[in-house]
Amino acid sequence: MNVSYIVNARIPTEKAHGFQIMKVCEEFARKGVKTELVVPNRSSAIVKDPFSYYGIESSFPIRRLGVDVFRFQSLFGSITHGLQSLAFLYSLSRYTPSKETIIYTRNPEICWLFRLRGYRAVYNAHNWTNTHPSIFQLLTRSASGVVCNSFGTAKEFSTHGYQKVFVAPNGADVVTFSRITETKEVLRAQLGLALEKKIAMYVGHLYGWKGVDTVLAAAATSKDKNNLFVLVGGTETDVRTCQEHCVREGIDNILVLGHKERAMIPRYLLSADALLLPNVPTTKESENYTSPIKMFEYMASGVPIIASNLASIGEVLDDSTAYLVPPANPEAILTALHDIDPKAPSQRAIHAKTRVMDYTWDKHAEKVIAFLQTLA
């Protein structure tokens, strides 16, 4: 089987979708699928090559097409994104893989283009859009199939009449965690984290719907001097805003560490006493569609998880694998954190680590490949 994973995204990128794209390509290649990743020719502030940056095997080629329109952003201003998308789409009109190749993409317009050209094109859906839904459906309705990241996303597509809809949640690389042999104390010393504190850690971007404001409120209201909240991730702007908020409000029991390289994330997770997944239902993305990579990595770490009790999270986690708390409720987070004993084994964490074996990237690729084979 030949697969061209075509996506209009900057690779490498500090955002989670970049890792997901690269990881899926790696797993496809491991399973004998001849895989090519096709992306726009865009510059990046990240100087490492994508394989080194993400810790991915160099087992598939990356083809870069088109002109880097972002070089002229000062000239084009707010229309730069649109022009870049058009430029990439034009370059794809001249890209001609063999007709046996399956096109796999996260972009509706790319799915539409290759279906128009007679290819089998599969849309990889990570949400359902309510922004110009008629245009979205026009571009994706003819897809050979739709691979959804969650049952919530799949329900939307099925409700709107799509026929070949398949669910393949994101996953974790459990081997990465098994290779880390240092104790929590050693990891904290290496990472410059306090040895004596009970650390509640959030890893990921600092977007509003991710619930970071709830973490800040929990830190601000915590009466336990032993609690330390650690935020890992975020853009430079969001990190600066968060740090300024903490200074302005006098919140001194929180560390805002900013973006860290992907290879370091498992080490941070294993240094924590609790891991936070505080999504809030301010968007359909958070409430119904998301399949957070961090959730599966939290599970693989064997560290207790405190997560918002939302439908999207409940597809994977339950009361046997996590402390499920009402969203946007800092007091509930503090209560769950109080119940966690860093010196005692957590049955929830043990169960989560066992259950994540159903959610590895290997299993993800296996499921998607089996679905793609039905489209032949």
Side-chain angles (χ1 to χ4, degrees), residues 3 5-9 15-17 20-21 24 85 102-116 119-171 207-211 277-296 307-318 322 324 326-328 355 358-359 363-376:
V3 171
Y5 194 155
I6 308 176
V7 61
N8 183 14
K15 296 182 179 180
H17 66 254
Q20 196 267 358
I21 291 163
V24 169
S85 295
I102 295 176
I103 307 301
Y104 195 65
T105 183
R106 298 163 64 115
N107 299 100
E109 69 279 7
I110 293 172
C111 182
W112 169 82
L113 174 65
F114 281 91
R115 285 299 291 150
L116 193 66
Y119 286 89
R120 289 170 293 167
V122 175
Y123 181 57
N124 181 209
H126 292 257
N127 55 38
W128 175 266
T129 183
N130 289 310
T131 304
H132 306 300
S134 57
I135 296 175
F136 174 76
Q137 291 183 62
L138 174 68
L139 296 175
T140 59
R141 180 68 73 179
S142 66
S144 304
V146 180
V147 174
C148 297
N149 66 324
S150 70
F151 287 97
T153 301
K155 182 180 179 181
E156 289 284 3
F157 278 86
S158 296
T159 299
H160 285 84
Y162 289 71
Q163 298 299 311
K164 293 185 178 180
V165 178
F166 184 75
V167 178
N170 286 320
Y207 307 142
W209 65 270
K210 299 283 190 178
L277 188 58
N279 286 18
V280 290
T282 55
T283 65
K284 285 285 189 179
E285 174 82 10
S286 180
E287 191 169 7
N288 294 320
Y289 305 149
T290 187
S291 175
I293 294 174
K294 69 165 68 66
M295 174 171 63
F296 302 107
S308 294
N309 192 3
L310 295 173
S312 56
I313 305 302
E315 288 188 13
V316 177
L317 296 176
D318 57 28
L324 294 180
R355 188 172 297 179
D358 293 328
Y359 298 98
K363 290 285 181 65
H364 174 94
E366 188 177 277
K367 292 175 183 177
V368 174
I369 290 169
F371 175 70
L372 296 182
Q373 289 171 336
T374 69
L375 305 177

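Quick caveat: nothing in here was measured; it's all calculated off a predicted structure.
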Can you give me the closest heavy-atom contact between [X] and [Y], atom names plus distance?
X	Y	value
Val368	Ala168	CG2-CB, 3.7 Å
Asn127	Asn149	N-OD1, 4.4 Å
Ala121	Cys111	CB-O, 3.8 Å
Val165	Phe157	CG2-CB, 4.1 Å
Trp112	Leu139	CB-O, 3.3 Å
Asn107	Ile6	OD1-O, 4.2 Å

Taking side chain as C-beta onward, heavy atoms only, is [X] less than 4.5 Å from [Y]?
X	Y	answer
Gln20	His126	yes
Lys164	Ser144	no
Thr105	Phe114	no
Arg355	Asp318	yes

Hey, what do you get for [atom1] ([X]) to [atom2] ([Y]), rounding to the nearest 0.5 Å?
X	Y	atom1	atom2	answer
Asn288	Glu315	CG	CD	8.5 Å
Phe136	Glu109	CZ	CD	10.5 Å
Ile369	Lys367	CD1	NZ	13.0 Å
Lys284	Thr153	NZ	OG1	11.5 Å
Phe296	His364	CZ	NE2	10.0 Å
Thr290	Leu310	OG1	CG	10.0 Å

Within the distance-only criterion (no hydrogens, no angle test), does the side chain of [X] pair as donor or acceptor with the backbone N or O of [Y] below 3.5 angstrom?
X	Y	value
Ser158	Lys155	no
Ser291	Asn170	yes
Gln163	Gly161	yes
Asn124	Val147	yes

Geometric cation-pi criterion, Arg106 with Tyr123: 6.0 Å, 45° | no
Do we see a donor-acceptor contact under 3.5 Å between the side chains of Thr283 and Ser286?
-> no
Side-chain donor-acceptor contact under 3.5 Å, Ser85 with Asn8 =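 On atom types as modelled, these side chains qualify, holding a pair under 3.5 Å.
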Could you go through the side-chain contact (heavy atoms from CB on, under 4.5 Å) check for Thr140 and Val146 one step at a time?
-> CA-CA 9 Å; Thr140 59; Val146 180; 6.0 Å; no
Let me see the working for Tyr289 and Trp128 under ring pair (Phe, Tyr, Trp, His ring centres under 6.0 Å), right down to the final yes or no.
-> CA-CA 8 Å; Tyr289 305 149; Trp128 175 266; 8.4 Å; no
Over 12 foreign heavy atoms within 6.0 Å of CZ, Phe166 = yes
Criterion side-chain contact (heavy atoms from CB on, under 4.5 Å) on Asn279 and Leu277, from CA distance to verdict = CA-CA 6 Å; Asn279 286 18; Leu277 188 58; 4.2 Å; yes
side-chain contact (heavy atoms from CB on, under 4.5 Å) between Glu156 and Tyr162: does it pass, once the steps are laid out?
-> CA-CA 9 Å; Glu156 289 284 3; Tyr162 289 71; over 6 Å; no
